[in-house]
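In this text, all values refer to a predicted model and were calculated from it rather than measured experimentally. Both counts, for ligands and for their atoms, begin at 1 and track the order of listing.
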Amino acid sequence: MCGIVGYVGPKPALEVVVEGLARLEYRGYDSAGVAVLSDGKLQTEKRAGKLANLRAALQANPRSADGIGIGHTRWATHGAPTDGNAHPHVDEMNRVAVVHNGIIENFAQLRMELEERGCKFRSETDTEVVAHMLSEQLTEHNGDLGAAMRSVCRRLEGAFTLVAISEDDPGLVVAARRNSPLVVGRGNGENFLASDVAAFIAHTRDAIELGQDQVVELRADSITITDYDGAPAQVREYHVDWDASAAEKGGYDYFMLKEIAEQPRAIADTLLGRVAVDGTLTLDEMRLAPEELRQISKIVIVACGSSYHAGLIAKYAIEHWCRIPCEVEVASEFRYRDPILDPQTLVIAISQSGESMDTLMAVRYAREQQSRVLAICNVNGSTIPRESDGVLYTHAGPEVGVAATKTFLTQLVACYLVGLYLAQVRGLKFGDEINAIIGQLARMPEQVEKVLNTVQPVRDLARSLAEAKTVLFLGRHVGYPVAMEGALKLKELAYMHAEAFAAGELKHGPIALIEDGLPVVVVVPSREGRSVLHDKIVSNIQEIRARGARTIVIAEEGDESVRPYSDTLIEIPAVPTLLQPLVATVPLQVFACELALAKGNDVDQPRNLAKSVTVE
Ligand code: G6P
């Protein structure tokens, strides 16, 4: 949520910053802005709407930059997405410019104090208070922007990443963070700052992750990091193992299309290196000792959005393989209901970005209650894994499209691995049993590829439904969360009313919604192993069809029993029941994406959404 970039070095600063913003635009895209020093004078440009509007404004009014610049793409919290509320914000003297990601919770109090001192505000944002406070503190600290920032941060409450430049010290970019992401890119004679490494990966792959409550002072040839009191701070340096091409569209019109196509590779990469020579499962990023895992009496999975759906699927596998009770809860509800947690509870936090504030707060709460926390995350060095006891990284590579696709499938793979690992350390499954399932997982990239090669009829179907007002989704067992994910994708991308129900619940209410021609997507469980479920859902399909529904049935290839009741039959490869979500989700992703494209929507940047939601 909100993308932030800072640069200092010999390259044309404006270009570096705008290019960085383009790579971060998925974080927020309701407005964008930049600030540079041009012949020592602070200049800003900002525009409501997508980055293209800012680019046009910069083209209409070209300016030079002195090798320093900051930029921002916004996802509005305080104040509508207008030119005036866009970042950067400046003080009254136009001496200092600041960009911000997060929410300053005590901004009303701070604004009142500043107004009492005669300060005139130009926007409705919480951020503007920081510009005015920095200006006051610059005077107090003789133009020392680092000292000014530390002093301001000590007064701020809430979550923030702040990046500022000032005319007082034209070679310096200063940034601070609390509960909001910020990474430094270490270049050669140049340095970078950004919300995530995608912004500077074209220039350097050497990164430094900032800790909580730290301030960084960045010059072309130095990086100084302190706490808010000015004491030197501990940081972690790391090398990013993917390059700029991984964050490009690679010939696809949209990132989402590319990311859907990358799913077989992403699954394979997430499985890579998990089995030791002796056949045992090793999860080496797991800093939880087997002894601790043997003590676990309950698992609670917390997550948001698609990650929550991955958690719902994980419950089926973990309870089945490990016989440990497993609850799944949306992170934003979790800590407010006084959940029962103790040192024997393992909390699994699933988050693609590792930055979702709701999930982060749930993690912190769980740790306060002495529970052990394991993160499943796609972004190396992000906050949630850093604050957890262990982490299992999904190796999906960067995901730019706002709607999760390849990261969702890799989260499922990671959940399966956690389930199998727990079964292994707790002695519930023999090595050969675990290896058999690992073998099935290893075949999944091929099966997903097969789905991708046969989805053209799904595209045609989606186009034919572009005018539909509502689509319902039904599933049973693991197919129920898959149905939920299908409905979420459709809401996110096509802005359509879509709802998922457990097929068995249909008769308890939702069946009243069925009317002539209403499209209903049904995810049919595999016939093998769960035949009871299979037969029940076939009856459910008949029930809705009898009431006029247009049935779109996703079933295993060769499942002839559903054909007579399917207006459209989408076949997927036959795979073990618990793994079916890996193949059944893919047509639903394609369906939502294609339907959204048919409606002319931007599938990479759906309205009102942000990929990484760093506010509660
Ligand atoms: C946002 C995104 C969703 C995502 C959710 C959780 O709402 O739009 O696509 O599933 O956040 O994100 P996380 O990074 O925690 O998995």
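Residue Ser356 has at least one heavy-atom neighbour below 4.0 Å for each of these atoms of ligand 1: 6 (C), 12 (O), 13 (P), 14 (O), 15 (O). Listed by number with element, the atoms of ligand 1 under 4.0 angstrom from any heavy atom of Val402 are 8 (O), 9 (O). Near Ser353, the atoms of ligand 1 lying under 4.0 angstrom from a non-hydrogen atom of the residue are 13 (P), 14 (O), 15 (O). Those atoms of ligand 1 with a heavy atom of Ala610 less than 4.0 angstrom away are 1 (C), 2 (C), 8 (O). Within ligand 1, counting atoms from 1 as listed, the ones closer than 4.0 Å to a heavy atom of Ser306 are 10 (O). Atom numbering of ligand 1 starts at 1 in the shown order; those under 4.0 Å from a heavy atom of Lys611 are 1 (C), 2 (C), 11 (O). Atoms of ligand 1 lying under 4.0 Å from any heavy atom of Val613, numbered from 1 in the order shown and given with element: 1 (C), 7 (O).
In this view, Arg337 and Glu327, Glu329, Phe334, Pro339 satisfy the side-chain contact (heavy atoms from CB on, under 4.5 Å) rule, not counting sequence neighbours. The salt bridge (charged side-chain N to carboxylate O under 4.0 Å, His left out) test applied to Glu449 returns no partner, not counting sequence neighbours.
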| task | Output, in order, the C-alpha distance, side-chain angles, deciding distance and verdict of side-chain contact (heavy atoms from CB on, under 4.5 Å) for Ile552 and Leu465. | result | CA-CA 11 Å; Ile552 300 158; Leu465 289 174; 3.8 Å; yes
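Considering backbone and side-chain N/O of Ser351, one or more are found under 3.5 Å from N/O of ligand 1.
Between Phe473 and Phe591, the ring planes are perpendicular. Angles over 60° get that label, and only those under 30° would be called parallel.
For atom 5 (C) of ligand 1, the nearest non-hydrogen atom of the protein is Cys304 O, 3.9 Å.
A salt bridge links Arg367 with Asp389: the closest approach of a Lys/Arg side-chain nitrogen to an acidic carboxylate oxygen falls below 4.0 angstrom.
Judged by distance alone, the side chains of Ser306 and Glu485 do bring a donor and an acceptor atom under 3.5 Å apart. At a cut-off of 3.5 Å, with distance as the only test, a side-chain donor of Gln263 or Gln589 sits close to an acceptor on the other residue.
Judged by the shortest distance from any of its heavy atoms, Leu609 lies outside the 4.0 Å radius around the atoms of ligand 1. In this structure, Glu492 counts as a contact residue of ligand 1, since one of its heavy atoms falls inside 4.0 Å of the ligand.
For the residue pair Asn378 and Gly397, the shortest heavy atom distance occurs at ND2-O, 2.9 Å.
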